[in-house]
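Remarks on the structure that follows.
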Amino acid sequence: ILELNGTIYFQSFTTIYAYKNEQVKLFRAPANMLFIFRTGNEFMIQALGMGLYRFNGNQFEFVTGSEIFAAREVLAIIERPGNELWIGTSNDGIYSFRNGIFRLLRNEISDFLKNQTCNAGLSLNDSMMVFGTILNGIAICNGEGEIVKAYNYTNGLNNNTVLSLFRDKENDLWIGLDEGVNYINPDSPYEQFSD
């Protein structure tokens, strides 16, 4: 469920529902989709078996070159400075999309996610991002893709399966897990210590 310009968008596997002024409009996707991601003043979806599509609130437009994601699961799309998107796949790392060109990133976070199964991602600020995994909690990285902090079951999370991520108004991080919700203040100078 996302909001854009006063309209609430609900996404199912086949349809996007737009709710405004007590009216609902339906927009059928070009194919089944898993997630909808907000990118600026529009959305991006992965049409399974096809690639990525932009959705401006009224119609879908295929993203040229995105057929490379026809057989890859896209589980995170994060806006970066300089009109760049980072596209997190389940087990194929992170792809950069800038100026109409997709390229696989060769950095620490991309390599980490190939082995830990990416399941969510979001931007904390202009220079920090967080990725949730199925096997190893979360990893926070900088704009160069270097992992600066990691949290999992051994250092504070209830378990290692991250289902969703949310950043609140105070820039605090809420982590939806297989077993409950955890809260992290990414700017805190304190770390958990277990003897």
Side-chain angles (χ1 to χ4, degrees), residues 1-3 11 34-40 43-46 52 68-69 72-98 101-195:
I1 302 171
L2 297 171
E3 183 273 337
Q11 177 250 320
L34 291 179
F35 298 106
I36 185 171
F37 305 96
R38 183 164 175 187
T39 56
F43 302 103
M44 194 169 280
I45 63 123
Q46 177 190 21
L52 301 178
I68 63 171
F69 299 106
R72 294 178 171 93
E73 286 186 338
V74 173
L75 295 161
I77 298 181
I78 300 174
E79 290 182 271
R80 302 289 305 130
N83 293 321
E84 180 183 23
L85 297 176
W86 277 20
I87 301 166
T89 63
S90 60
N91 290 103
D92 294 301
I94 300 172
Y95 287 78
S96 167
F97 179 59
R98 182 186 290 181
I101 298 170
F102 293 95
R103 69 177 176 84
L104 178 63
L105 293 178
R106 307 227 183 259
N107 57 32
E108 186 177 13
I109 191 67
S110 185
D111 291 342
F112 173 80
L113 292 174
K114 286 179 184 178
N115 298 315
Q116 304 303 321
T117 308
C118 177
N119 202 36
L122 63 79
S123 175
L124 293 173
N125 53 44
D126 284 347
S127 62
M128 302 295 277
M129 291 154 288
V130 60
F131 290 91
T133 73
I134 294 291
L135 302 173
N136 201 4
I138 65 167
I140 299 173
C141 71
N142 61 22
E144 286 73 46
E146 300 166 331
I147 297 173
V148 295
K149 289 183 183 178
Y151 297 92
N152 57 36
Y153 183 73
T154 63
N155 66 350
L157 295 187
N158 288 359
N159 66 37
N160 285 332
T161 304
V162 176
L163 302 177
S164 62
L165 299 168
F166 179 77
R167 185 189 64 198
D168 66 20
K169 290 187 281 190
E170 284 77 38
N171 211 34
D172 296 325
L173 182 60
W174 295 85
I175 306 158
L177 299 167
D178 207 19
E179 297 176 10
V181 176
N182 281 172
Y183 161 86
I184 292 178
N185 176 349
D187 299 323
S188 175
Y190 304 104
E191 297 285 339
Q192 177 171 328
F193 173 75
S194 297
D195 189 353

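The figures here come from the full heavy-atom set of this structure, side chains too, leaving out hydrogens, waters and symmetry mates.
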What about the rings of Phe131 and Phe112, do their centers lie closer together than 6.0 Å?
-> no
Any side-chain donor paired with an acceptor under 3.5 Å for Asn91 and Thr117?
-> yes
Does the side chain of Arg80 come within less than 4.5 Å of Arg98's, by heavy atoms?
-> no
Mind listing the closest non-hydrogen atom pair of Ala76 and Ala120 along with its distance?
-> CB-C, 3.9 Å
In Å and rounded to the nearest 0.5 Å, what is the CG to CG distance from Asp178 to Asn158?
-> 10.5 Å
Nearest atoms (heavy-atom pairs only) where Thr89 meets Cys118 | O-CB, 3.2 Å
Any chance you could measure Leu113, atom CG, to Asp92, atom CG, to the nearest 0.5 Å?
-> 11.0 Å
Non-hydrogen atoms of Ile140 and Met128 that approach each other most closely | CG2-CE, 3.7 Å
Minimum heavy-atom distance between Ile36 and Gln11, given as atom pair plus value = N-OE1, 3.4 Å
Taking the side chain as every heavy atom from C-beta outward, state whether Val74 and Phe35 have any pair of such atoms under 4.5 Å apart.
-> no
Any side-chain donor paired with an acceptor under 3.5 Å for Asn160 and Asn152?
-> no
Which pair of heavy atoms, one from Ser96 and one from Leu105, lies closest together, and at what distance?
-> CB-CD2, 3.6 Å
Do Val130 and Ile184 have side-chain heavy atoms sitting under 4.5 Å apart?
-> no
Are Val162 and Asn119 close enough, and set up right, to give a side chain to side chain contact (heavy atoms under 4.5 Å, CB included), and what steps lead you there?
-> CA-CA 7 Å; Val162 176; Asn119 202 36; 5.5 Å; no
For Cys141 and Trp86, which heavy atoms make the closest approach, and how far apart are they?
-> SG-CZ3, 4.2 Å
Separation between CE of Met129 and CD1 of Ile94, rounded to the nearest 0.5 Å = 7.0 Å
Pair Lys114-Leu104, side chain to side chain contact (heavy atoms under 4.5 Å, CB included): steps then yes or no = CA-CA 11 Å; Lys114 286 179 184 178; Leu104 178 63; 4.0 Å; yes
Value for OG1 (Thr161) from CG (Asn136), rounded to nearest 0.5 Å, stands at 10.0 Å
Just how far is it from atom CD1 of Ile147 to atom CD of Glu108, taken to the nearest 0.5 Å?
-> 4.0 Å
Would a 4.5 Å heavy-atom cut-off, applied to side chains only, mark Phe37 and Leu2 as touching?
-> no
Is there side-chain contact between Phe102 and Leu52, with heavy atoms separated by less than 4.5 Å?
-> yes
Hey, what's the ring geometry for Tyr95 with Phe69, parallel, tilted or perpendicular (30° and 60° as the breaks)?
-> perpendicular
Without placing hydrogens or testing angles, list every side-chain donor-acceptor pair under 3.5 Å for residues 169-177, not counting sequence neighbours.
unit_1 : atom_1 : unit_2 : atom_2 : d
Asn171 : ND2    : Leu124 : O      : 3.4
Asp172 : OD2    : Tyr183 : OH     : 3.1
Trp174 : NE1    : Asp168 : OD2    : 2.9

Quick one: does Glu79's side chain get under 4.5 Å of Leu85's, heavy atoms only?
-> yes
Which distance, rounded to the nearest 0.5 Å, do you find between the CZ of Arg106 and the CG of Asp111?
-> 8.0 Å
